[in-house]
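The structure under discussion appears below in the form of structure tokens.
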Amino acid sequence: MSHVMNTYARLPVAFSHGNGSRVTDTEGKTYLDGLSGIAVNTLGHNHPALVAAIASQAARLLHTSNLYRMPQQERLADKLTEISGMDEVFFCNSGCEANEAAIKLARFYGHQRGVDNPAIIVMEHSFHGRTLATLSATGSRKVQAGFEPLVAGFVRVPFNDLDAVRAIGERNKNVVAVMLEFVQGEGGIFVADAKYLRGVRGLCDENAWLMICDEVQCGMGRTGTWFGFQQTGIRPDIATLAKGLAGGVPIGACLAAGKAAGLFVPGNHGSTFGGNQLATAAALATLNVVEEENLLANAAEVGEIIRNGLTQALADVPGVVGVRGLGLIIGIELDRPCGDLVRLGLDAGLLINVTAERVVRLLPALNFSADEGRELAERLAALIRTFLSS
Ligand SMILES: *Cc1c(COP(=O)(O)O)cnc(C)c1O
């Protein structure tokens, strides 16, 4: 009996090492990694530049504390604001913490404007994390059930429905922010319409609300631009990042711009580990490799290869509802629950995931090659055919 608390339905496999997007288990079997640790291993496994940066940082300093200046954390903030067009960054260690910072910032902003009970508009099928505030913001009863009372101050609307956002705003004068994912990841790979996103931006401007983009899963270059919101030419007031930011080392970031910037002062928020030397060294190295190896363009190109490959191979297959996504965040919706595909994938040497019960989810590393993309599409299509015909 394991002494690890029973919070995951783990698959019966353990890995010993990896190289690029090939991972080997403890029995010596090799897998093609179509998931990269749920969008975490941005550069795949064992990238030499990331390994070197982590090793050399570990030999100097791992951590000193935010009681002191950290020039490297400042450099990472410079870099993130440069590529995002945002103004400033708070560092933490995970996606839910980045969203906690965003929620606190939005409430703080509300109080400063005289709103005593600030509310945030959130979306159906969203996912923002497992802490109390972020599970309350999340649009999934499964995530919330058993943990009531939920944190107050969230109003839910359907995703991609601008009228619903407008209608809440007209009725509820406590609204101070709208929070959404550009691509809903856990919710089943639903991409926000460009028109909808620009519409939300417009409503936020008209009403002086903050627009919060949770880019924890779809950010860091995955859609083919550094951030999903850049696909539509808007800039949010707050954006959150985590998963792929440091290529596998835990880190989170809450970015603020315009009227959301400059609000917090010492004492309002903090994190012991947030933005320490090890994490920021890994993040700087990861961002550097994404630029040097031209991985934004690669994500867009290889993503298209995978989606086209799957669309063609599955065109005449009854049971396949559709293939969707953008860049290297891809979903294949089936007409039935398909969680079993994950285990069938393991048997076949493929690491994939199923979310929202019926959606096969792919989140390969940004340096996935075109050949790996074709291979993944081909092998996965064969697996889905077999699954649907059995
Ligand atoms: C994974 C995820 C989170 C939560 O991140 P953790 O690091 O697990 O806390 C939040 N938002 C989105 C969109 C995510 O995909």
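Worth saying up front: this structure is predicted, and the values here are computed from it rather than measured. Side chains included, hydrogens not; waters and symmetry mates left out as well; all remaining heavy atoms used.
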Problem set entry | Full working for ring-ring contact (aromatic ring centres under 6.0 Å, His included) between F159 and H125 | CA-CA 8 Å; F159 187 55; H125 305 297; 9.0 Å; no
Exercise. Under the ring-ring contact (aromatic ring centres under 6.0 Å, His included) criterion, do F273 and F91 qualify, and how do the steps go?
Worked result: CA-CA 9 Å; F273 288 118; F91 289 105; over 10 Å; no
For this session: For E378, look at atom CD and say whether over 12 heavy atoms of other residues, nucleotides or ligands are found less than 6.0 Å away.
Result: no
Exercise. Rounded to the nearest 0.5 Å, how far does NZ of K243 lie from OG of S94?
Worked result: 9.5 Å
Exercise. Within a reach of under 6.0 Å around NZ of K195, are more than 12 heavy atoms found that belong to other residues, nucleotides or ligands?
Worked result: no
Exercise. Is the shortest distance from a Lys or Arg side-chain nitrogen in D237 or R201 to a carboxylate oxygen in the other one below 4.0 Å?
Worked result: yes
Seminar exercise, completed: Value for CG (L105) from CD1 (I238), rounded to nearest 0.5 Å, stands at 4.0 Å
For this session: Give the C-alpha distance, both sets of side-chain angles, the deciding distance and a yes or no for side-chain hydrogen bond (donor to acceptor under 3.5 Å, both in side chains) between Q217 and E186.
Result: CA-CA 9 Å; Q217 189 162 154; E186 305 299 311; 3.1 Å; yes
Exercise. More than 12 heavy atoms of other residues, nucleotides or ligands under 6.0 Å from CZ of R343: is that the case?
Worked result: no
For this session: Measure from NZ or CZ of R324 to the centre of the six-membered ring of F190, then state whether that distance is under 6.0 Å and the direction lies within 45° of the axis.
Result: yes
Problem set entry | S369 side, atom OG; N367 side, atom CG - distance, nearest 0.5 Å | 9.0 Å
For this session: Give a yes or no on whether Q277 atom CD has more than 12 heavy-atom contacts from other residues, nucleotides or ligands under 6.0 Å away.
Result: yes
Problem set entry | Derivation and outcome, salt bridge (Lys or Arg N to Asp or Glu O under 4.0 Å), residues R75 and D78 | CA-CA 5 Å; R75 279 208 301 285; D78 290 346; over 6 Å; no
Exercise. Side chain of S136, backbone of V151: donor and acceptor closer than 3.5 Å?
Worked result: yes
For this session: Quick one: pull up CG in L363 and CD1 in I189 and give me the separation to the nearest 0.5 Å.
Result: 6.0 Å
Exercise. Quick one: CG on D193 to CZ on R198, what's the gap to the nearest 0.5 Å?
Worked result: 10.5 Å
Seminar exercise, completed: Between the CD1 atom in I212 and the CD1 atom in I103, the distance rounded to the nearest 0.5 Å is 7.0 Å
Problem set entry | Shared hydrophobic cluster for L346 and I38 (ILVMFWY, side-chain gaps under 4.5 Å) | yes
